[in-house]
Amino acid sequence: MNEATRVPEFESSRGGAVWRDAPAPSEQIVDRTRGLDRSARLPKLIDTSARLGDILPSLVIAVVGAGSIGMRVVDALARMGIAGILICDSRATKRESVLTHPIQPQDIGVSKAELSARRAQAISPATRVRFFDGAFESLPYDALIGVSLVVVASDNLAAEVAVSQACLHLDLPLIQASVFGPALVSQVRSLEGGLRGQGPCLVCGYSVAEFEALDSGTRFSCEGASLEKSAHAPDPASVPTTSPPHLCSSASDLAVSALLKRLVGFGPSSKGSEIIDACGFTSITTRSPLGRDPLCPLDHAAWDVRSVATPLEGFTPRSLFRIASHEDCELDALSLQVEGHRFAVLMACDCSPHPRLGRFLRDGEQLGPCAFCGGMHAAPHPMYSFRDVPCRALEDDLDRTLSSLGVTSLRAVLVRGQRGTTLLRAPISKTLGPVQCEGGAEVASRHKSQQKDLRR
Amino acid sequence: MNSQSTSASASPDSAASLSAIPTMLLTANNQHILDERSDQMLGSPAWRGRKRAEAHGLLALSQIAPRLRVRQLDMRTELLTMVELLDTPVACMAPGADDIHIETGTLLAIVYPEDLITRPIPGPQPIRILEPRNPFHTNVSYGSRAPALCLGANIPRGFPLREMVLSAYAALTLQSISLDVRDPAGILNPQAAEWWQANRDRMPLTRESFLASRSATTPMTPTDTPESLS
């Protein structure tokens with residue numbers, strides 16, 4: 001059904017698909033636009049030789065927040081016929097959504113991410129549209145790899161912080177759109193990517209009020225808490241957007257303009273980071289540069305992203321350090337984080353002293369009774385279990401494969417050392433080649449020769 | 001990593017109060033512990049700075065709080081600490097029993113995650129009770145050898161480690177407790193919530209403040225004896 005174009009690094013890596021394909025439109029719908037020239041209404045931009053018709057079909061954009069602003073952004077991207085759209089939202093439409101979202105009454109009570117995906121897919125069957133009906137914080141480390149740019153249009157500040165951090169780590173440009181209804185303000189922050197952490201993030205510009213809103217707007221429930229699970233996603237306090245619908249349109253249109261300028265390299269503000277405020281009250285639009293806050297609490301260091309050709313579970317910690325080019329670092333300067341797992345050095349049970357466990361446990365995995373004392377409620381010892389494992393704790397297991405250490409179905413690991421953090425990804429499910437990171441071709445060929453030496 | 005206990009008795013700043021903790025001078029022993037652990041820290045500059053500040057606050061608190069001993073401190077990746085609260089009554093109920101018994105003293109493991117410097121985290125996330133066994137409390141989970149203690153609906157961004165210790169003391173001694181099963185923050189042990197609702201006259205277990213001088217009792221000897229980590 002989808003006339004999918006080749007989209008680099010857009011496939012799910014081994015370990016399970018995260019993004020779901022948008023429901024396919026009916027043949028009848030597809031027939032209505034079959035053969036349509038998607039560039040028929042694209043203008044020739046002034047002051048640039050770049051052609052939108054050449055650039056748009058290669059773009060993959062992630063949109064976090066498919067509400068009154070985000071859903072309109074997705075629509076616009078689909079109408080432009082870009083290569084791929086990823087949509088993330090954890091909520092469903094409500095009755096009040098009809099007042100601000102571009103939806104019909106029959107769309108009430110539906111997942112926003114899925115609804116937006118379905119609409120986009122119908123508009124542009126050739127666009128690869130995928131969605132995630134959940135909190136952004138639940139996405140794996142590599143979920144945004146291959147994306148050209150991220151748009152966040154969420155009223156959930158915790159999600160905004162998480163998106164900012166992900167874009168810093170993956171060195172992605174980021175557009176944030178919001179509104180302030182009482183003064184009819186639509187606002188867009190456009191952050192440059194590719195600066196290896198030297199540029200600002202959204203949190204660099206947070207005021208005291210925003211931090212207070214972040215604290216007060218986040219609640220978790222203790223009920224039936226499964227305490228071995230990592231609690232990724234809070235339940236955001238519901239703060240409805242109070243804005244006339246045209247303002248949300250204005251914000252989404254500003255965001256799409258900023259996105260095009262950033263990716264096409266069009267206009268004086270295509271470089272650098274800036275904030276654009278369009279104020280309906282004064283009828284004035286202002287642009288101001290954004291700078292990095294040296295005291296920003298987020299980690300601004302970009303990750304070095306690499307892919308391996310064989311399943312990650314088959315590698316040993318020592319071989320992972322080598323692939324990440326940290327093999328000459330002291331053990332005490334290294335740490336290893338296996339996605340979705342904790343490493344338990346000791347077990348807490350009725351034995352005294354507590355016995356060594358020495359393996360990875362998947363989030364939510366129960367230990368079962370202790371083989372020595374029979375204690376039924378054994379748990380990883382909280383003082384001696386680590387999500388980010390200092391490598392001294394793995395000293396006895398450096399040459400054991402991750403699978404023998406209890407790791408299953410692994411998408412990615414993070415290796416942290418003095419030279420920074422490296423994200424190692426599992427092989428992608430379709431044969432599209434390794435990650436085109438910096439020096440990508442070199443990395444790919446080096447990996448191929450390394451695999452023969454390092455496997456097991 | 002060898003166990004390094006701190007003591008509040010040898011304190012150069014006996015008149016210090018909680019508000020003075022951020023700038024309090026540590027004893028030579030505590031300063032040595034802090035410096036040694038800081039040399040082993042990994043992570044971003046912001047995270048390393050935060051870990052050092054939180055560890056300083058905890059060690060400083062131990063200098064002015066006679067009932068607090070810091071037994072273990074690991075600052076390599078997450079900030080992990082094991083603290084002993086002496087002379088702290090904790091209600092427990094053995095499996096099959098129908099009444100509580102009071103244990104004196106508790107051993108807590110606290111995990112201070114990097115996430116907390118940028119966003120709130122769930123209430124049950126940081127603190128696990130290693131001793132005594134079978135604590136019986138509405139906000140303590142059950143069915144685990146290391147049950148979690150919930151400090152509320154969320155732990156605010158940047159909540160200090162020393163405040164977690166103070167909150168844990170208040171919670172375990174039942175000076176602060178949530179009993180309402182309809183509370184949106186939730187209850188970790190509904191059976192305990194019902195029991196304590198029916199036995200409110202037995203709360204709190206003590207009215208002593210955290211900083212109060214210790215009564216003349218022997219310190220708890222925890223059965224949880226950690227191995228040394230290199």
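Naming convention: chains lettered A, B, ... in sequence-line order (proteins, then strands); numbering from 1 in each chain.
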(message) Using a 4.5 angstrom heavy-atom cutoff, name the option from B:Pro45, B:Gly43, B:Gly143, B:Ala46 with the most pairs to chain A.
(response) B:Gly143

(message) Looking at every heavy atom in both A:Phe386 and B:Glu78, which two are closest together, and how far apart are they?
(response) CA-OE1, 4.0 Å

(request) For the residue pair B:Arg157 and A:Leu214, establish whether any side-chain heavy-atom pair is separated by less than 4.5 Å. (result) yes

(request) Answer with side chain, backbone, both or neither: which region of B:Ile117 has an atom nearer than 4.5 Å to a non-hydrogen atom of chain A? (result) both

(message) Would you say that more than 12 heavy atoms from the other residues, nucleotides or ligands in this model lie under 6.0 Å from the CG of B:Asp39, or not?
(response) yes

(request) Would you mind reporting whether B:Glu114 and A:Asp388 have side-chain heavy atoms less than 4.5 Å apart? (result) no

(request) Measure the shortest side-chain to side-chain distance between B:Asp74 and A:Met383 over non-hydrogen atoms and say whether it is less than 4.5 angstrom. (result) yes

(message) I'd like to know if B:Arg133 pairs up with A:Asp350 as an ion pair, taking the criterion as any Lys NZ or Arg NE/NH1/NH2 lying under 4.0 Å from an Asp or Glu carboxylate oxygen.
(response) yes

(request) Check for a donor-acceptor pair, side chain of B:Arg145 on one end and backbone N or O of A:Ala378 on the other, with a separation under 3.5 Å. (result) no

(request) Calculate, to the nearest 0.5 Å, the distance between atoms CD1 and CG belonging to B:Ile155 and A:Asp215 respectively. (result) 12.0 Å

(message) Tell me if a side-chain donor or acceptor on B:Thr77 pairs with a main-chain N or O of A:Val389 at a distance below 3.5 Å.
(response) no

(message) Counting only heavy atoms from other residues, nucleotides and ligands, does the tally under 6.0 Å from CD of B:Gln31 exceed 12?
(response) yes

(request) Could you grab the distance from atom CZ of B:Arg76 to atom CZ of A:Arg392, nearest 0.5 Å is fine? (result) 9.0 Å

(request) Can you tell which part of A:Phe211 gets under 4.5 Å to a heavy atom of chain B, answering side chain, backbone, both or neither? (result) both

(request) Pick one of side chain, backbone, both or neither for A:Leu295, based on which atoms fall under 4.5 Å of a heavy atom in chain B. (result) neither

(request) Answer whether the closest heavy-atom distance between the side chains of A:Pro382 and B:Leu130 falls below 4.5 Å. (result) yes

(request) Could you pull out the closest heavy-atom pair between A:Pro297 and B:Thr118, with the gap in Å? (result) O-CG2, 3.8 Å

(request) Determine, step by step, whether A:Gln165 and B:Arg119 satisfy the side chain to side chain contact (heavy atoms under 4.5 Å, CB included) criterion, reporting the C-alpha distance in whole Å, the side-chain angles of both residues, the deciding distance to 0.1 Å, and the verdict. (result) CA-CA 12 Å; A:Gln165 183 66 89; B:Arg119 54 181 181 253; 5.8 Å; no

(request) Please look at A:Ser164 and chain B and tell me whether the side chain, the backbone, both or neither of the residue comes under 4.5 angstrom of a heavy atom of that chain. (result) neither

